[in-house]
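Chain letters run A, B, ... following the sequence lines, proteins first and then strands; every chain starts at 1.
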Number of protein chains: 2
Amino acid sequence: MTTFRLDERLARDSQSILELPLCDVRLSRDSRWPWLILVPRRADVSEIFELSEDDQLQLLREQTMVSVALKGATDAAKINVAAIGNIVRQLHVHVVARFEGDPNWPGPIWGFGAPEPYTDEAFSAMTQTILDALT
Amino acid sequence: MTTFRLDERLARDSQSILELPLCDVRLSRDSRWPWLILVPRRADVSEIFELSEDDQLQLLREQTMVSVALKGATDAAKINVAAIGNIVRQLHVHVVARFEGDPNWPGPIWGFGAPEPYTDEAFSAMTQTILDALT
């Protein structure tokens with residue numbers, strides 16, 4: 001059995017803000033959208049259907065909890081939820097708050113333009129806003 | 001209580017190939033990727049978290065079943081699963097077979113280029129391949 005080890009690109013592009021029973025909840029360092037990434041702590045899994053049934057149910061629970069919190073925290077027009085993983089094969093689920101007029105609205109966020117980093121203060125503030133909504 | 005009525009754009013861009021207990025399983029008319037769309041037959045729902053808990057579980061079951069079948073039918077490099085809905089607000093889940101070198105690989109399919117319709121024969125063949133894998 002392989003030990004879970006976070007993908008290097010996920011580690012670089014996002015930062016952990018909360019550990020849920022299954023997933024590491026990470027905030028993207030790209031400030032263009034409030035963008036969370038759920039990473040199940042399971043080794044060698046690329047597809048949701050490769051998780052055990054129990055883990056699939058737990059991922060759904062955590063995805064729902066995070067989606068509701070992100071909607072509440074941001075009053076987004078739409079929450080985008082996606083497991084793509086064509087580049088980073090370690091299973092991860094994007095939960096993104098979208099707004100009319102945001103960069104690339106109504107198109108997808110993936111592969112669009114260049115990331116815009118937060119200031120440290122803005123990253124902390126966004127983290128706190130989301131954690132407040134989650135708890 | 002509003003009656004479910006399929007969104008006009010979903011009706012135009014895809015065709016039903018199977019009815020599951022919760023979802024209408026639709027094949028996109030765009031031949032660039034084997035692309036299924038699951039539409040829960042529930043009115044006035046835009047987000048997965050707006051479904052009842054039972055419906056969320058059923059959507060997960062159907063999404064997993066369809067993902068496994070699509071992977072088996074196509075031997076795709078990656079299955080992309082996404083609920084975006086920035087344009088069409090009726091809840092729908094994309095399940096897409098992706099291949100290295102396909103149009104826009106490894107970027108997302110949404111909003112990319114122009115659809116390429118199937119011939120009637122190719123659409124029927126793809127439908128049959130997927131239904132065989134599903135049953």
Side-chain angles (χ1 to χ4, degrees), chain A residues 9 33 38 45-72 76-113 133, chain B residues 9 33 38 45-72 76-113 133:
Chain A
R9 178 152 174 176
W33 310 275
L38 275 66
V45 173
S46 294
E47 305 279 4
I48 295 170
F49 62 75
E50 292 171 351
L51 291 171
S52 72
E53 198 176 318
D54 281 355
D55 281 351
Q56 289 184 37
L57 293 175
Q58 185 60 27
L59 175 60
L60 173 61
R61 275 183 220 111
E62 296 183 3
Q63 173 192 304
T64 295
M65 185 171 71
V66 165
S67 298
V68 169
L70 190 61
K71 170 86 177 177
K78 190 71 190 62
I79 301 294
N80 292 174
V81 178
I84 302 178
N86 302 334
I87 297 172
V88 171
R89 289 301 171 90
Q90 181 169 79
L91 178 60
H92 59 287
V93 177
H94 303 274
V95 181
V96 191
R98 302 299 305 275
F99 303 86
E100 289 178 32
D102 75 19
N104 214 33
W105 175 266
I109 68 163
W110 305 280
F112 175 77
Chain B
R9 178 151 174 179
W33 311 275
L38 276 65
V45 173
S46 294
E47 304 280 5
I48 295 170
F49 63 75
E50 293 171 352
L51 291 171
S52 71
E53 197 175 319
D54 280 354
D55 281 351
Q56 289 184 36
L57 293 175
Q58 186 61 26
L59 175 60
L60 173 62
R61 275 182 219 112
E62 295 182 4
Q63 173 192 303
T64 294
M65 183 170 72
V66 166
S67 297
V68 169
L70 190 61
K71 170 84 177 178
K78 190 70 190 66
I79 301 295
N80 291 174
V81 178
I84 302 179
N86 302 334
I87 298 170
V88 171
R89 288 301 170 91
Q90 181 169 81
L91 178 61
H92 58 287
V93 177
H94 303 275
V95 181
V96 190
R98 301 299 306 273
F99 302 86
E100 290 179 29
D102 75 19
N104 213 33
W105 175 267
I109 68 164
W110 305 282
F112 176 78

> Just wondering, do A:Gln56 and A:Leu60 contact through their side chains at under 4.5 Å, heavy atoms?
no
> Measure distances from B:Glu53 to the heavy atoms of chain A and classify the residue's part below 4.5 Å as side chain, backbone, both or neither.
neither
> Do B:Trp33 and B:Trp105 have side chains that approach each other closer than 4.5 Å (heavy atoms only, starting at C-beta)?
no
> Are the side chains of A:Phe49 and B:Met65 in touch, meaning some heavy atoms are under 4.5 Å apart?
no
> Below 4.5 Å from any heavy atom of chain B, which atoms of A:Ile48 appear? Answer side chain, backbone, both or neither.
side chain
> What heavy-atom pair brings A:Ala76 and A:Ala97 nearest, and what distance separates the two atoms?
CB-CB, 3.7 Å
> For A:Ser46 and A:Gln90, which I'm curious about, is there any donor-acceptor pair between the side chains at under 3.5 Å?
no
> Using non-hydrogen atoms and a limit below 4.5 Å, what part of residues 77-87 of chain B faces chain A?
B:Ala77, B:Lys78, B:Ile79, B:Asn80, B:Val81, B:Ala82, B:Ala83, B:Ile84, B:Gly85, B:Asn86, B:Ile87
> Among the options B:Ser67, B:Gly107, B:Gly111, pick out the one with the most heavy-atom pairs lying under 4.5 Å from chain A.
B:Ser67
> Counting N and O atoms only, with roles assigned by atom type, does the side chain of A:Glu50 sit under 3.5 Å from a partner on the main chain of A:Glu47, one being a donor and the other an acceptor?
yes
> Report yes if some heavy atom in the side chain of A:Gln58 is under 4.5 Å from a heavy atom in the side chain of A:Leu51; otherwise report no.
no
> Roughly how far apart are B:Trp110 CH2 and A:Asn104 CG, rounded to 0.5 Å?
13.0 Å
> Relative to chain A, which segment of B:Arg61 carries a heavy atom at a distance below 4.5 Å: side chain, backbone, both, or neither?
neither
> Which region of B:Glu100, side chain (C-beta onward) or backbone (N, CA, C, O), has a non-hydrogen atom less than 4.5 Å from a non-hydrogen atom of chain A, or is it both or neither?
side chain
